[in-house]
Amino acid sequence: MKAKTLGFVHTSATLVPLFQQLSSEHLSGVETFNIVDDSLIKDVIKKGKLMPNTAARVVNHVKAAEEAGADVILVTCSSIGVAIETAATLCNVPVIRVDQAMADEAVQISDKIGVIATLPTTLEPTSDLVRRRAVAAGKNVTIVSKLCDGAFEALMSGDAAKHDEMVAKALKELMQEVGVIVLAQASMARVVDGLSEAEKVVPILASPGIAMKKLAEIYF
């Protein structure tokens, strides 16, 4: 029997090792490959939103992953969520948003959900997804969105410590208001790992691990 293949579409090369590690943890005997195009996320950040031509390129990458033999495609960036959903309607294989399983889990945990991001372009699509998944689950939720302004710029300029400090502070503030927190970007997960158990007063969900676990359950 031919081994199944999982194709990843990333907007940052930094996510490749993270998902390789998760693949080895959750998926045995599954082949993987990566398509990386960081111009997508750079374009979204520059324009402040997902533009039609950028969305079209996302769709092309997803189609290319299908042509390359992927049985399932996971797109690991939340900022391009709407384009991923469009691509899913044009493919013959499942196309998954990295944050969907996380959103589903969040709406089951609490009706007060915090969404935190370091980029406004990720905050809105993730909040929107949580809102729609809540409706699909028949839940009435309140979403509290929080932007860590300047943290992404700090990370890009090489000051990871400043980024982590800003995100940690915002997380602690948000925990006072909600019953569960959703991280809109995978890059923030390591900040959570740096918090002590006592500081984590509510569950904090990061999409990569949850997405891979769900993929393993459903498809592999």
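Everything quoted here is computed from the prediction, not taken from an experiment. Values reported hereafter were calculated over all heavy atoms of this structure, with side chains retained and with hydrogens, waters and symmetry mates removed.
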Side chains of [X] and [Y], heavy atoms from C-beta outward: is any pair under 4.5 Å?
X: Tyr219; Y: Ile96; answer: yes
X: Ile143; Y: Val141; answer: yes
X: Thr121; Y: Lys47; answer: no
X: Met212; Y: Leu6; answer: yes
X: Met156; Y: Glu153; answer: no
X: Glu199; Y: Lys172; answer: yes
X: Lys42; Y: Lys46; answer: no

*Verdict with supporting geometry, Glu31 and Lys4, salt bridge (Lys or Arg N to Asp or Glu O under 4.0 Å)*: CA-CA 6 Å; Glu31 292 179 0; Lys4 279 195 158 182; over 6 Å; no
If only atom types and distance count, is the side chain of [X] paired as donor or acceptor with the main-chain N or O of [Y] below 3.5 Å?
X: Glu66; Y: Asn92; value: yes
X: Thr54; Y: Leu50; value: no
X: Thr126; Y: Leu123; value: no
X: Ser78; Y: Ala184; value: yes

*May I have the step-by-step check of side-chain contact (heavy atoms from CB on, under 4.5 Å) for Asp128 and Arg131, ending in yes or no?*
CA-CA 5 Å; Asp128 171 61; Arg131 205 173 289 119; 4.2 Å; yes
Might you point out which heavy atoms bring [X] and [Y] nearest each other, and give the distance in Å?
X: Ala160; Y: Arg190; result: CB-NH2, 3.6 Å
X: Ser79; Y: Val44; result: CB-CG1, 4.2 Å
X: Pro203; Y: Gly179; result: CD-O, 3.3 Å
X: Ala70; Y: Val93; result: O-CG1, 3.6 Å
X: Cys77; Y: Ile84; result: O-CD1, 3.6 Å
X: Ala211; Y: Val98; result: CB-O, 3.4 Å

Can you list, by chain and residue number, the hydrophobic cluster partners of [X] when the side-chain cut-off is 4.5 Å?
X: Val16; result: Val36
X: Ile204; result: Ile116, Val144, Val167, Leu171, Leu174, Met175, Val178, Ile181, Leu183, Met188, Val191, Val192, Leu195, Val201, Val202
X: Met166; result: none
X: Leu90; result: Val59

*Judged by modelled atom types alone, do Thr32 and Ser23 share a side-chain donor-acceptor pair under 3.5 Å?*
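Checked: Thr32/Ser23 side chains show no N/O donor-acceptor pair below 3.5 Å.
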*Consider only side-chain N and O atoms of Ser39 and Asp37, and report whether a donor and an acceptor are under 3.5 Å apart.*
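The criterion, which ignores hydrogens and geometry beyond distance, is satisfied for Asp37 and Ser39.
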*Chi angles and distances behind the side-chain contact (heavy atoms from CB on, under 4.5 Å) call for Thr76, Phe8*: CA-CA 7 Å; Thr76 62; Phe8 291 105; 4.1 Å; yes
Does [X] belong to the same Ile/Leu/Val/Met/Phe/Trp/Tyr cluster as [Y], with side-chain heavy atoms less than 4.5 Å apart forming each link?
X: Ile218; Y: Val30; value: yes
X: Val182; Y: Leu129; value: no
X: Ile73; Y: Ile80; value: yes
X: Leu74; Y: Leu22; value: yes
X: Ile210; Y: Ile113; value: yes

*Show the numbers, then the answer: is there a side-chain contact (heavy atoms from CB on, under 4.5 Å) between Val72 and Phe220?*
CA-CA 9 Å; Val72 179; Phe220 299 106; 3.8 Å; yes
*Crowded around Asp193 CG? As in, over 12 foreign heavy atoms under 6.0 Å?*
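Yes, the 6.0 Å shell around CG holds more than 12 heavy atoms from other groups.
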*Around Lys200, counting heavy atoms of other residues, nucleotides and ligands shown, do more than 12 lie under 6.0 Å from its NZ?*
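It does: Lys200 NZ has more than 12 such atoms within range.
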*Are Gln185 and Phe152 close enough, and set up right, to give a side-chain contact (heavy atoms from CB on, under 4.5 Å), and what steps lead you there?*
CA-CA 10 Å; Gln185 283 137 287; Phe152 184 80; 4.2 Å; yes
*Aromatic ring centroids of Phe19 and His10 under 6.0 Å?*
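Ring-ring flag for Phe19/His10: true, centres closer than 6.0 Å.
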*State whether Lys63 and Glu67 are salt-bridged, where the test is any N-O pair (Lys NZ or Arg NE/NH1/NH2 against Asp/Glu carboxylate O) under 4.0 Å.*
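Salt bridge flag = no for Glu67 with Lys63.
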*In Å, rounded to the nearest 0.5 Å, how long is the span from CZ of Arg97 to OG of Ser207?*
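That separation rounds to 10.0 Å.
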*Just jot down the side-chain hydrogen bond (donor to acceptor under 3.5 Å, both in side chains) partners of Thr5, sequence neighbours excluded, or say none.*
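Applying side-chain hydrogen bond (donor to acceptor under 3.5 Å, both in side chains) to Thr5 gives none.
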*Could you check Glu165 against Lys169 for salt bridge (Lys or Arg N to Asp or Glu O under 4.0 Å), going step by step and ending with a plain yes or no?*
CA-CA 6 Å; Glu165 191 184 310; Lys169 180 174 177 287; over 6 Å; no
Under 3.5 Å, which donor-acceptor pairs do the side chains of residues 101-111 form with other protein atoms, sequence neighbours left out?
unit_1, atom_1, unit_2, atom_2, d
Asp104, OD1, Arg133, NE, 2.7
Asp104, OD2, Arg133, NH2, 3.3
Ser110, OG, Lys112, N, 3.0
Ser110, OG, Lys112, O, 3.2

